[in-house]
Amino acid sequence: MKMELFSPEALITEDEIAHRIEELGYSITKDFEGQELVVICVLKGAFIFCSDLIKKINLPIKLEFISLSSYGDSTQSSGSVRLDMDITANIEGKNVLIVEDIVDTGLTIKTLMDIMKVRKPKNVKLASLLYKPSKMKHSVKIDYLGFEIEDKFVIGYGLDYAGRYRELPYIGILNAGN
Ligand code: 5GP
């Protein structure tokens, strides 16, 4: 059987992503100058963003991974978030940078921030590649933002649709016809 290749139109190109990540890496390096940083990559969606971002941060980094799933159902409009895989490091007294793919309603990241704050880090900052302001319900501060986007379902550069398209090197919009 022949696999169909899918190349959606780019919303944000590889070059635009690379350029913005360089700027974010520079800001993070400057803000934490002389200090160590624990970077927490939120799986799976942020894995490509996180790997490109840490290469542009000129600080001693310890990398951790965490995995969350969000559930929304008809009886609970706000949905709920489950912790599937936790970090292994003790973050007490540490500078923590959470790296997320996209902030939509803000529920996932708000839950994660709350989980982390209980563990008494020195501080917790958030880097997110994308942000959909029109959907925000839970107010969260994005300290390092890649791009603000309109309310369209995006894929690529780590983001999936039903487990697919993470490998696309750019951000595209999933159209009804795809
Ligand atoms: P929130 O909890 O902020 O509503 O949702 C955040 C999560 O929803 C993201 O980590 C991501 O997994 C998923 N998500 C939200 N919008 C999109 C989108 O446009 N594309 C993809 N692929 N995932 C999205």
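As the structure lists them, so they are numbered: ligands from 1, and atoms in each ligand from 1. In this chain, numbering begins with 1 at the start of the sequence shown.
Ion pair Lys110/Asp114 flagged as a salt bridge, since at least one NZ, NE, NH1 or NH2 atom sits closer than 4.0 Å to an Asp/Glu carboxylate oxygen. Ionic pairing of Asp101 and Arg166 is not present here: no N-O contact between side-chain nitrogen and carboxylate oxygen is shorter than 4.0 angstrom.
Residues Met136 and Val42 fall within the same hydrophobic cluster, defined by Ile, Leu, Val, Met, Phe, Trp and Tyr side chains chained together at heavy-atom separations under 4.5 Å.
Contact shell of ligand 1 (protein heavy atoms, cutoff 4.0 Å): Glu100, Asp101, Ile102, Val103, Asp104, Thr105, Gly106, Leu107, Thr108, Lys132, Lys152, Phe153, Val154, Leu159, Asp160.
At a threshold of 4.5 Å between non-hydrogen side-chain atoms, the residues Val96 and Arg119 do not count as touching.
When all heavy atoms of Leu43 and Met85 are compared, the closest pair comes out as CD1-CE, 3.9 Å.
Other residues, nucleotides and ligands place no more than 12 heavy atoms under 6.0 Å from the CD atom of Glu33.
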